[in-house]
Amino acid sequence: MKKIFLSAVLLAATASCTNDNPLTNDESANAVAKTESNVSRICPSEEIREAALRDSPELMSRYMNVEKQTQEFLKNAEMGRVLADGTIEIPVIVNVLYRSSAENVSDAQIQSQIAVLNADFAAKNADITKLPTEFQTIAAGATGVSFRLVKVNRKSTTVTNWQANDAMKKASTKGIDATDPVHYLNMWVVGDMGGILGYATFPESAGLWNDGVVIAGKYFGKTNNAPFNLGRTATHEVGHYLNLRHIWGDATCGSDLVADTPTQTTKNYGVPSYPKYDVCGGVSRSTMFMNYMDYVDDAAMYAFSAGQKTRIQATTAGPRAGLKVY
Ligand code: ARG
Ligand code: ZN
Ligand code: CA
C-alpha cells in the first residue's frame, strides 16, 4: 500500500516534466505576440521545483513526506476528523532590493500587498461576488490563513536584471539573507526579473535558506501596472508556498491534486469569458479559470476552492506549522 502510494506520488512529480513544458510554451507564445497581458506569463515555481527535486534525493524525500502528510490530512478531513484546523496568522518579512527610488517600494505599497493577501485568503475580496453560481458550492470561503507584516529589510543594489535563481536570497550574491524561514514567510521584492512576475518555493523547502516568495516590484501590492495591478501575483505565489499547484496541473489535462477544481486542458490568459468548457479524457467541463492558481489577469482571478483550502490547512498544520506569530 505504502509502495503504491509512493510510486503514485513520484509519477505525479515527474508527469509534468514529460507531458508539457510550460516554459517552452510560454516562451514561444511570447515570440508570437508581446502584449502586456502575455509578456510576463511565466511562473517558473513548478519547473524550478522539479529541477531541484531531480538534483536532491533529500529534497525529494521531504517532498514525498509532505504529500503523504497532505493526503492523510485530507482523509481525516473527509471523515470529519480534522485534528488541527490549520488556522494561522503568518508573520511576514519583506526584503526589498532596489536600484532606484522607484524600485524601493514604499511602506504603503507593502501594506497594500499584505491587505490584498488578507482579503484574498479570507474570501473578503470585493470581487468574490463575481464567482459564478456553479462554483459557489466549491468556494473555499475563509482559508483560515492571515498575514501580519513583522519587518521590512531594505538594501540598495546595482543589479538590473534579476533571474529566478535565488541570488536575491543570499547576501553573498547581492541579495538579503532570509530571516528564520522556519518561523517567517520571507518575501523578496526585486526590481525586474524579465518575463517573470514572481516565483515561490513549495513546502518541501520549509525552513531552508531559499524558502519563500519572490515578486517583481512592479507587481507588488496595488499598483497602476494593469493587468497585474491588484497584488494577485503574491496571492498566486503564496498559494504555491502553501502547497497549491497550478490549476491545470502543469500538463495537458494535468492534475492539481485537488478533487473539486475541474480538470482543464491548460492555463488561461487574459480575461476569459464565462462559461469556458474544456474537454479532458472525453469529458467536457466548465473550467474554474477565475481561480488564483490559473494564469489570468489580476482582475479575472478571485477565488480558491474548498479542496485548495484543505491542502492549505494540511500545510499550515503540517510542514509549515512553524509559521506563527508569537
Ligand atoms: N508567477 C506567475 C507569473 O509570473 C504569477 C501569475 C499570477 N497571475 C497574476 N494575474 N498575477 O506569471
Ligand atoms: Zn505559479
Ligand atoms: Ca482538480
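Just so it is clear, the model here is predicted, and its values are computed rather than measured. As the structure lists them, so they are numbered: ligands from 1, and atoms in each ligand from 1.
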* State if Phe228 counts as touching ligand 1 under the rule of any non-hydrogen atom under 4.0 Å. => yes

* Judged by non-hydrogen atoms, does Val296 sit under 4.0 Å from ligand 1? -> yes

* Ring geometry between Phe228 and Tyr219 (parallel below 30°, tilted from 30 to 60°, perpendicular above 60°) ->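 Correct class here is perpendicular.
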
* To do: Classify the angle between the aromatic ring planes of Trp248 and His246 as parallel (below 30°), tilted (30 to 60°) or perpendicular (above 60°).
  =>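 Rings of Trp248 and His246: parallel, as their planes differ by under 30°.
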
* Asked: Are any N, O or S atoms from Thr261 nearer to the Ca ion (ligand 3) than 3.0 Å?
  ->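 Given the 3.0 Å cut-off, Thr261 counts as a ligand of the Ca ion (ligand 3).
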
* Check whether any N, O or S atom of Val258, backbone or side chain, sits closer than 3.0 Å to the Ca ion (ligand 3). =>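 Val258 does place an N, O or S atom closer than 3.0 Å to the Ca ion (ligand 3).
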
* Structure fact -> The NE2(His236)-the Zn ion (ligand 2)-NE2(His240) angle, to 10°, is 100°

* Asked: Hey, what's the angle at the Zn ion (ligand 2) spanning SG (Cys43) and NE2 (His246), nearest 10 degrees?
  ->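 Vertex at the Zn ion (ligand 2): approximately 120°.
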
Run the numbers for me: atoms of ligand 1, each under 4.0 Å from some heavy atom of [X], listed by number.
X      : answer
Thr233 : 11 (N)
Cys43  : 1 (N), 2 (C), 3 (C), 4 (O), 12 (O)
Met301 : 8 (N), 9 (C), 10 (N)
Arg232 : 11 (N)
Gly198 : 1 (N), 4 (O)

* **Distance under 6.0 Å and angle within 45° of ring axis: Arg320 vs Tyr241** => yes

* To do: Restricting to N/O/S, name the atom of Asp256 that gets closest to the Ca ion (ligand 3).
  =>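 This turns out to be OD1.
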
* **For Lys169, the option from Asp177, Leu208, Asn186, Thr201 that meets side-chain contact (heavy atoms from CB on, under 4.5 Å)** =>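 Looking at Asp177, Leu208, Asn186, Thr201, the match for Lys169 under the side-chain contact (heavy atoms from CB on, under 4.5 Å) is Thr201.
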
